[in-house]
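Below you'll find the structure, written out as structure tokens, and then a few comments.
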Amino acid sequence: MASSRDILRRIRSVRGTQQITKAMKMVAAAKLRRAQQRIVEARPYAGTLDRVLASLAARTEHTHPLLESREGSRAWLVVITSDKGLCGSFSHNILREADRLLASDRWESVEVVAVGRKAAEHFRKSPVPVAHEETSMISNLGADDGPRIAGMLIQAFESGQVDEVWMLYNRFLSMIRHVQVLARVLPVAPPLEESAEEPDVDYLYEPDAATLLAELLPRQVEVQVSTAFFDSVAAEHAARMTAMEAATKNANEMIDRLTLLYNRTRQAAITKELIEIVSGARALEE
Amino acid sequence: MDGTLRIEVVTQTRKVLDEEVAEVQLPGSLGMLGILPGHTPLLTTLGIGELMYRKDHRESYLAIRWGFAEVLPDRVTVLASLAEAPEEIDVEAAERDQREAEAALATVDAADLERMRAKLELAITRLQVARRGTG
């Protein structure tokens, strides 16, 4: 049986851990607020772009290389996880789904673009070839990162290196919910025009529709990639918050249990001493 | 011309401007475009330059780099890769950019020419907009 001093030491150590998990939860909460803010701020741009692109695509017969489906089936799968751990099953679930997709015969030949250190480490050990990895971008995401990765994907697509690009990531829904999303990035699927209630607008195009399309499509890809990054980061912080909340609660329960045990041990020791004193006194009387 | 135009300027990270104005001038890629309420619907790409909007006889300016604009009779939506108000412009950095770009243009090779020209144009636009803001 552990001595009461050992138990005290354990209580102190659990309390120390609890302080750390509590601090991490608070940091995650602050970061989550910022990440949510970014999602909201990016929305007007994405919304307008969708609308304009939809009307442009619906009204012109022009096509563009980024819109064309090709025969081939060489694909890239962009897998977005976190850089850091301690966020529950956040990255693990994505990687399991990625493995499932890669093992299926969905694509004839596929390479992985690993975003997040967790993904990079995972795919280094797997037989799937890795086309590109980002190991420190997600934890320090800037406004230029989305467009940079999008540019890389577009270049690979335009040069004929790949025929399709897909993205697998966590979409942030709420504090306690995020869902896995598998989305095609390239070729671009033009957003569908919403119900035809609004009268069709016949635009003048300057310089011309083809140039506009060439300008807008890469932007659309950038927005899609950036949105995925922002979503994933927000979901990661939410997941970490939940995980740390649970850890803090567990630590509390543990402290309660240990305190109870400590009191019991202390009482047992006192009782034992009393018995010894009493029986010692008896022995003297006789 | 009666009525007003609603102008919205957004970049990928934020909404820069959202106002009811009387007139807008856009730096179209083929030249400046003056937009008054009731304009024909128009989609245009934008170059580097100043965006001017007039409200209550006061003219305000933004520095714009690339993007495109959707013009409707009562609304102008600008999606730019960069949009800055005069008070946001770092004048010293812009002056430095201008000097660097000018120096580079004298010796640059063809591959870098476009990039340097764009850098110079942006620096000049920023300085112009910054001066208008304070002037």
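Values in this document were obtained by computation on a predicted structure and should not be read as measured data. Below, chain A is the first sequence line, B the second, and so on; all start at residue 1.
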Could you have a look at B:V10, B:L43, B:L42 and say which one has the most heavy-atom pairs with chain A under 4.5 angstrom?
B:L43
Enumerate by number any residue of residues 12-26 of chain B whose heavy atoms lie under 4.5 Å from heavy atoms of chain A; in the absence of such residues, state 'none'.
B:Q12, B:T13, B:R14, B:K15
Max heavy-atom pair count under 4.5 Å with chain B, selected residue of A:T211, A:V40, A:L216:
A:L216
If you tally heavy-atom pairs under 4.5 Å between each of B:L30, B:T40, B:T77, B:L33 and chain A, the highest tally belongs to B:L30
Does the side chain of A:Y45 come under 3.5 Å of the side chain of A:R43 through a donor N or O and an acceptor N or O?
no
Would you please name every residue forming a side chain to side chain donor-acceptor pair (under 3.5 Å) with B:R65, sequence neighbours left out?
none
Salt bridge (charged side-chain N to carboxylate O under 4.0 Å, His left out) between B:R99 and B:E102, worked out:
CA-CA 5 Å; B:R99 275 197 305 276; B:E102 275 169 354; over 6 Å; no
Among B:S29, B:S81, B:G28, B:G67, the residue with the most heavy-atom pairs under 4.5 Å to chain A is B:G67
Would the A:F172 and A:H237 ring centres measure less than 6.0 Å apart?
no
Please determine if A:E134 and A:R117 form a salt bridge, counting it only when a charged side-chain N lies under 4.0 Å from a carboxylate O.
no
Between the side chains of A:E164 and A:R184, is the shortest nitrogen-to-carboxylate-oxygen separation below 4.0 Å, so that they form an ion pair?
no
In terms of side-chain geometry, is the basic nitrogen of B:E50 or B:R132 positioned less than 4.0 Å from the acidic oxygen of its partner?
yes
So that I can tick it off, tell me whether A:R240 and A:E236 are bridged by a salt bridge, with the cut-off set at under 4.0 angstrom between side-chain N and carboxylate O.
yes
